[in-house]
Amino acid sequence: MPVDPLVPAHRHGPAGNGVALLIGHGAIIIGAVPKTPEAALARSLLAWYRRHGRDLPWRRTRDPYRVWVSEVMLQQTTVRAVVPYYRRFLGRFPTLRALARAPLPRVLAAWSGLGYYRRARHLHAAARIIVKDHAGRFPSRPDQVRALPGVGRYTAGALLSIVFGRQEPVVDGNVARVLSRLFLMRGDARGRASQERLWDLARGLVRAAPADPGDLNQALMELGATLCSPLAPRCPLCPVARRCRARAAGAQEAIPGRRRARAPVDLAATLVLVARRGRFLMRRRRRTGLMDGLWEFPALEGDQGGAGAAVSGDLRLEPLERVATLRHTITYRRLRIEVRRARLLSEPRGRDYRWVSPAGARRLPASSLVAKVLGSLPPGQAPRHRV
DNA sequence: TTCCAGGCTT
DNA sequence: AAGCCTGGAA
């Protein structure tokens, strides 16, 4: 058994003793006296979570499929953004088998606007793997869960603890913040040593809550998401503020240290709207690593904003008047986008082109940029007939 | 206008 | 270590 750096060897042992109170004629267990620091923390966190945890849709089920969908959506995405997508997604794909049967474009369409579209591909691929290799039953073995595409250390731990009640730790951004504050971890929280320390701490805590590992993990995440915020944490409301070393040191806002972002790159692009019979021409992106397989309005290549013929992939066209200007950011790219009408000089060919009504565009797999473009068009700029 | 949170993959 | 996306806060 690995030595836990937090706990002196003689402190290892049962988590606590029951304390009985006699009230009237009955004996009532009112709680356990924690024997270890972890047990004390776990007990406070669990009590707080049960009283103050938010009522979220995926907390009303233990269906592995539903919890899995929520966890993948919650990767790099806030609860507020996820909730409507989660409901819609499960409306369209109510079961793992339904998801596995669905064509990928339908899955991507349900994901449109949520970002990080690789997650949707992974989810879909993993559903098919589960049907094929696990008879449609979500695996409960850590190695099998971890082997699914799109399931890393965090997501595996979340699923195993929440759905299968296993004592597996989780460290997401919220947990990392909570733990680095509780244990006053100065220095770069993203370094390898810090990460291992965080996972060790999380493991120690989840093992101190053997009856409710999933709730313990969710309590840590909930605390980070609600009270233990990056800025202005609400320590007076925190169930473990008394045990927080960062707070004792007055350093809660300084921990963990901020990540230095990659310098943004400014780019200019021109998107073209080609209208025909009330529809716009759209094209499906190829595999570039960026919004793979999503539909978009054709972009002019390079610096072709001026007059005359221009090229967009295998398309030749003539840009016309500008109808909108907007900004869009993708990771470190800051795009300044001009939207221009255009006239075709060559006919689009193949499955990667479609003529789409504005309503139809909102049903295709597409990034938020498409919605942004459609929303930026002035009234009366809807597609019109053009000879 | 800028900054930021937020896991997985390669 | 770098890249992926978006919405909301500062």
Side-chain angles (χ1 to χ4, degrees), chain A residues 67-86 108 110-126 145-160 168-178 180 188-192 194-195 198-199 202 217 220-234 253 255-267 285 287-296 325-337 365-373 375:
Chain A
V67 176
W68 174 44
V69 169
S70 78
E71 288 298 341
V72 174
M73 286 188 170
L74 287 164
Q75 292 168 5
Q76 304 297 94
T77 311
T78 57
V79 164
R80 172 200 283 262
V82 163
V83 168
Y85 279 89
Y86 175 83
L108 289 171
W111 208 270
S112 290
L114 197 54
Y116 293 114
Y117 299 95
R118 211 157 29 175
R119 295 180 296 174
R121 294 176 171 275
H122 285 149
L123 197 67
H124 185 242
V145 175
R146 187 68 175 72
L148 297 170
V151 177
R153 200 176 180 183
Y154 161 78
T155 307
L159 287 170
L160 289 162
E168 294 282 343
V170 299
V171 176
D172 67 354
N174 286 316
V175 175
R177 186 169 56 254
V178 169
S180 60
D188 181 9
R190 281 159 298 279
R192 193 183 169 77
S194 296
Q195 281 299 309
L198 289 170
W199 280 93
N217 284 337
L220 281 172
M221 296 190 275
E222 188 76 354
L223 188 61
T226 58
L227 301 182
C228 196
S229 44
L231 296 173
R234 294 149 74 186
E253 287 228 25
I255 294 176
R258 300 269 176 274
R259 162 208 306 263
R260 46 192 177 290
R262 185 202 204 286
V265 175
D266 287 301
L267 296 170
R285 292 182 66 87
R287 308 289 296 256
T288 63
L290 191 69
M291 302 183 290
D292 286 340
L294 303 193
W295 292 79
E296 65 182 5
T325 302
L326 49 92
R327 297 197 153 276
H328 189 70
T329 303
I330 302 176
T331 56
Y332 60 87
R333 299 174 189 80
R334 282 196 305 217
L335 301 171
R336 181 181 174 280
I337 293 172
S367 82
S368 68
L369 179 54
V370 168
K372 205 183 275 191
V373 168

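Hydrogens, waters and symmetry mates play no part in the numbers below; they use all other heavy atoms, side chains included. Labels below follow one simple rule: chain letters A, B, ... track the order of the sequence lines, proteins then strands, and each chain is numbered from 1.
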Where the side chain of [X] is defined as all heavy atoms beyond and including C-beta, which of [options] is the nearest nucleotide?
X: A/Thr329; options: C/dC4, C/dT6, B/dG7; value: C/dT6
X: A/Arg333; options: B/dG7, C/dG3, B/dT9; value: C/dG3
X: A/Leu290; options: C/dC4, B/dA5, C/dG8; value: C/dC4
X: A/Ile330; options: C/dG3, C/dC5, B/dC8; value: C/dC5

State, with a plain yes or no, whether a side-chain heavy atom of [X] is found less than 4.5 Å away from one of [Y].
X: A/Tyr154; Y: A/Val175; answer: no
X: A/Arg327; Y: A/Thr329; answer: no
X: A/Met291; Y: A/Leu369; answer: no

Strictly below 4.0 Å: does [X] bring a side-chain N or O up to OP1 or OP2 of [N]?
X: A/Thr331; N: C/dG3; value: no
X: A/Arg262; N: C/dG3; value: yes
X: A/Thr155; N: B/dC8; value: yes
X: A/Tyr117; N: C/dT6; value: yes
X: A/His328; N: C/dT6; value: yes
X: A/Asn174; N: B/dG6; value: yes
X: A/Arg177; N: B/dA5; value: no

Sugar-phosphate, base or nothing in reach of [X], heavy atoms under 4.0 Å:
X: A/Tyr154; value: sugar-phosphate
X: A/Arg119; value: nothing
X: A/Pro149; value: sugar-phosphate
X: A/Val72; value: nothing
X: A/Gln76; value: base

Distance in angstrom units between [X] [atom1] and [N] [atom2], rounded:
X: A/Leu231; N: B/dC3; atom1: CG; atom2: P; result: 14 Å
X: A/Asp292; N: C/dG3; atom1: CG; atom2: P; result: 16 Å
X: A/Arg334; N: B/dT2; atom1: CZ; atom2: P; result: 5 Å
X: A/Arg287; N: C/dC4; atom1: CZ; atom2: C1'; result: 14 Å
X: A/Leu148; N: B/dG7; atom1: CG; atom2: P; result: 18 Å
X: A/Leu74; N: B/dG7; atom1: CG; atom2: P; result: 8 Å
X: A/Trp199; N: B/dG7; atom1: CH2; atom2: C1'; result: 10 Å
X: A/Arg192; N: C/dA1; atom1: CZ; atom2: C1'; result: 13 Å

Quiz item: Rounded to the nearest 0.5 Å, how far does OH of A/Tyr86 lie from OG1 of A/Thr77?
Solution: 15.0 Å
Practice problem: Kindly check if the number of other-residue, nucleotide or ligand heavy atoms within 6.0 Å of CZ (A/Arg333) is above 12? | Solution: yes
Self-check item: First of A/Ser368 and A/Arg118 reached from the 5' end of DNA chain C, by closest nucleotide
Solution: A/Arg118
Quiz item: Got a sec, which pairs hit salt bridge (Lys or Arg N to Asp or Glu O under 4.0 Å) with one end in residues 145-155 of chain A, sequence neighbours left out?
Solution: A/Arg153-A/Glu196
